[in-house]
Amino acid sequence: MVDDTRRRGHTAGVKAVAAAAGVSLGTVSNVLNRPEMVSPLTRAKVEAAMASLGFVRNESARQLRAGSSRILAYLMLDAGNPFFTDVAKGVEEAARAAGLSVFLCNSNEDVEREADYLDLLEQQRVQGVLITPIDQHSSRLRTLPARGTPVVVVDRAIDDGEHCSVAVNDILGSELAIAHLLELGHERIAYVGGPLTIGQVVDRRDGGRTALRKAGRSEDDLIEITTGALTVAEGRGAGQRLAGLPASRRPTAAFCANDLLALGLLQQCVSLGLRVPEDLAIVGYDDIEFAEAAAVPLTSVRQPRQLLGRTAAELLLDESSNPDHEHQRVTFTPELVVRTSTRGTA
């Protein structure tokens, strides 16, 4: 006989489950929340009753009682950039291991959109927020933890004593890139990146300047080609601008703030008949999967993308559950992966 509750299209409640299994409401609650406290035989009876009745746990009610959800959120900078989706995979690994789900949100480098998402996530009482912020000095990064929502900053190093952060040493990464190009004999090197409101863009530029100083060169020798975003389209535009310079002033190498810019620059060079690396050597940053698969395999600074996400999520989980949690600043070391776009095929 079909249960009346199911026939009417309503979800069975815990009372119906308790009655069907012949146990108390407390036992059903323990099966849902503390299964280790229930004997295997009793737990199997309750789970069989749940399956028979089509019981679906009311997570909203549990969240109301607990004051928070079993959800982490990752507010990324640009969902169109494979770097951030790879970071999100690491976040999901850690969340699933802890029995939690993940909300993925995309600020798309838009300050208002970022603020709207932070408001929504706080209202939803997520267990914590991971964020790659547009502005690491935003007051919202302080107000959320003060009101009970932990925040961990991803892909930006923050040492303010108020947050955990997980990042890669971008200064060192860009030093490796520029030092590599100097070793190959390049005198005129462009830095392609923007906007300068994004901390990573500034750090990678500053690291390039540091490499020039260490080599006894003026930091002004780094020719800046500022872009409006970190996208393939902006990389193509930068390529058009570089190609328009007189040959005597045109850079012979370009270091890009991320791989999407570098891939766009590479595409534009090929379409204009410029040879890579003979006419223009190109280095990217992130070492996304498409870097190696490009028409001219791209030299790039590699970041441990999934490890970044997994480490950040583990710190957030500890902060949300451990009263003795201490904030940490975790910084990973980047690696230069040299490919054809700088070395050629020889």
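- Atom CG of L77 and atom OG of S107 lie 5.0 Å apart (nearest 0.5 Å).
- Using a cut-off of 4.0 Å between Lys/Arg side-chain N and Asp/Glu carboxylate O, R209 and D220 are scored as not salt-bridged.
- Note that CD of Q123 is 11.0 Å distant from CG of L118, once rounded to the nearest 0.5 Å.
- Neither side chain, T331 nor N169, offers a donor N or O lying under 3.5 Å from an acceptor on the other.
- Looking at H180 and T299, their side chains never bring a donor and an acceptor atom within 3.5 Å of each other.
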Kindly indicate, with the supporting measurements, whether the criterion side-chain hydrogen bond (donor to acceptor under 3.5 Å, both in side chains) is fulfilled by T210 and E175.
CA-CA 7 Å; T210 300; E175 284 187 50; 4.8 Å; no
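- For the pair R204 and Y191, the cation-pi criterion (under 6.0 Å, within 45° of the ring axis) is not fulfilled.
- In this structure, E289 places its CD atom where only 12 or fewer heavy-atom neighbours from other residues, nucleotides or ligands lie under 6.0 Å away.
- Using a 4.0 Å cut-off between a side-chain N of Lys or Arg and a carboxylate O of Asp or Glu, D287 and R339 qualify as a salt bridge.
- Salt-bridge annotation for E114 and R140: absent, with no side-chain N of the basic residue lying under 4.0 Å from a carboxylate O of the acidic one.
- Around CZ of F290, the count of heavy atoms belonging to other residues, nucleotides or ligands within 6.0 Å does not exceed 12.
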Applying salt bridge (Lys or Arg N to Asp or Glu O under 4.0 Å), run through D221 and R188 and close with a yes or a no.
CA-CA 7 Å; D221 288 347; R188 298 188 302 277; over 6 Å; no
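- One hydrophobic cluster, built from ILVMFWY side chains closer than 4.5 Å, holds both L130 and V166.
- There is no side-chain donor-acceptor pair under 3.5 Å between R142 and S139.
- Taking OG1 of T132 as the reference point, atom CD of Q200 lies at 7.0 Å (rounded to 0.5 Å).
- Residues I171 and Y285 do not share a hydrophobic cluster, defined by chaining ILVMFWY side chains whose heavy atoms lie under 4.5 Å apart.
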Working for salt bridge (Lys or Arg N to Asp or Glu O under 4.0 Å), residues E92 and R310
CA-CA 7 Å; E92 185 184 28; R310 186 165 61 249; over 6 Å; no
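- More than 12 non-hydrogen atoms from other residues, nucleotides or ligands lie less than 6.0 angstrom from CD of E162.
- Judged purely by distance below 3.5 Å, without hydrogens or angles, the side chains of N106 and Y117 never pair a donor atom with an acceptor atom.
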Take D86 and K89, measure what salt bridge (Lys or Arg N to Asp or Glu O under 4.0 Å) needs, and give me the verdict at the end.
CA-CA 5 Å; D86 285 345; K89 290 178 183 177; 3.8 Å; yes
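- Within 6.0 Å of atom CZ in R96, 12 or fewer heavy atoms from other residues, nucleotides or ligands are found, so the atom counts as exposed in its surroundings.
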